[in-house]
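In what follows, a structure is listed as structure tokens, so that the remarks can point back to it.
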Amino acid sequence: MKILAFDIGGTEIKYALCDESFNLTEKSSVPTNAHDGGPKIIERVVEIIKSYNGIDRVGVSTAGQVDSIKGEIIFATDSIPGYTGVKIKEIIEKETGIPTAVENDVNSAAIGEAVFGAAKGCSDFICLTYGTGIGGAVYLNGKLFTGSSFSAGEFGHMVTHAGGKSCTCGGCGCYEAYASAGALVRMVAEKTGRDMNGREIFENFENPEIKAVIDDWIDEIVVGLKGLIYIFNPLLVVAGGGIMNEKYIIDEVNDRLQKELMQSFRKVKFVKALMGNDANKLGAAYLAYKL
Ligand SMILES: [Zn+2]
């Protein structure tokens, strides 16, 4: 079976061919040109599909909240204007005749990690991606838990600070305003007056002022995780996002969880996602394969 897997983000549409053994080949990407609007993006995806011969299935991982049964976007922020309501599955199937699976990007990544990566063989885990914001996915009893309206796992917007900093969601005190990689960058800039990205921050790890900020930020990560661990009692917390390549974060979060969690929850491990940028495409390809 030949599957074409897409990962639609705010800046790039990445895609690759995927065989039955789930090897990704011919990886490629085009700019999303999000300002052209949602429908145009799917037009571009259809053009790409038509440029291949012999494709049996299409798997789409995409930004935005997705009704994975109908394969349409139920809500997307203004980062992709006009994306809300776009019927991705219907359009692709009508234009190409190829059966298509569509899933939200963090959910796709969770499937990718569950089938091929850090959570292989694990039936109960949660996934969080620490980037500009914080995305989340819930995997329970061996399958994705998507909630009553396909929106479960918005961990970035659970409130960890009542009345705290304002957030892009319109609320305030949200987890992602304190614990995302973006929040760390802001915290370091406030403390030191220097604008550094995540990599630069960790290159200056020996600077006591910066290390203190990192340690405070890790406390923010742990505060949110404790709540989630008490709710879901997962065996694993899989953490994605480039910043999680810093071993210090992984080790510290595990240490603090072991000290702070009630004893019966301490089996949990905080681990780095393993599939990197391929997780979304592999998850979407797997869902397409299972159609
Ligand atoms: Zn929020």
Side-chain angles (χ1 to χ4, degrees), residues 8-11 32 34 38 61-68 73-86 103-110 125-140 144-191 195 197-198 201 213-214 216-232 234 237-244 249 253 256-257 270 273 280:
I8 303 175
T11 53
T32 307
S61 156
T62 177
Q65 290 170 12
V66 174
D67 176 334
S68 52
I73 301 290
I74 49 177
F75 179 75
T77 62
D78 288 342
S79 64
I80 306 180
Y83 206 30
T84 301
V86 173
E103 184 53 274
N104 158 269
D105 47 10
V106 190
N107 285 346
S108 296
F125 71 95
I126 55 174
C127 240
L128 294 97
T129 50
Y130 294 83
T132 316
I134 295 176
V138 185
Y139 196 88
L140 294 176
L144 212 51
F145 173 80
T146 53
S148 63
S149 59
F150 305 96
S151 307
E154 279 288 0
F155 301 147
H157 301 291
M158 66 178 175
V159 175
T160 51
H161 290 254
K165 294 177 190 173
S166 57
C167 176
T168 52
C169 72
C172 53
C174 295
Y175 184 45
E176 71 176 35
Y178 293 85
S180 61
L184 173 66
V185 167
R186 286 192 295 276
M187 285 161 78
V188 168
E190 280 163 22
K191 188 78 178 272
D195 283 320
N197 63 29
I201 289 169
V213 178
I214 292 172
D216 287 347
W217 172 71
I218 291 175
D219 276 338
E220 297 290 351
I221 293 179
V222 170
V223 164
L225 289 182
K226 280 170 67 182
L228 295 173
I229 290 165
Y230 287 141
I231 295 167
F232 295 109
V237 176
V238 179
I243 198 120
M244 289 300 160
I249 305 172
V253 169
R256 295 182 205 190
L257 286 175
F270 182 76
N280 301 14

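Counting convention: from 1, in listed order, for ligands and their atoms alike. The chain is numbered in sequence order, starting from 1. As the structure is a prediction and not an experimental result, all values here were calculated from the model.
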Discussion item. Using a cut-off of 2.8 Å, how many protein N, O or S atoms sit around the Zn ion (ligand 1)?
Written reply: 4
Discussion item. When you compare the side chain of Ile221 with that of Tyr130, does any pair of heavy atoms fall below 4.5 Å?
Written reply: yes
Discussion item. Ring-plane angle category for His161 and Tyr178, please: parallel below 30°, perpendicular beyond 60°, tilted otherwise.
Written reply: parallel
Response to the item:
Result for side chain to side chain contact (heavy atoms under 4.5 Å, CB included) between Leu144 and one of Asn107, Asn104, Val138 points to Asn107
Item to complete: Decide yes or no for Trp217 and Ile243: does some side-chain heavy atom of the first lie under 4.5 Å from some side-chain heavy atom of the second?
Response: yes
Worksheet item: Can you check whether Glu176 reaches Cys167 side chain to side chain, under 4.5 Å on heavy atoms?
Response: yes
Item to complete: Evaluate the side-chain proximity of Phe232 to Leu140: yes if any heavy-atom separation is below 4.5 Å, no if none is.
Response: yes
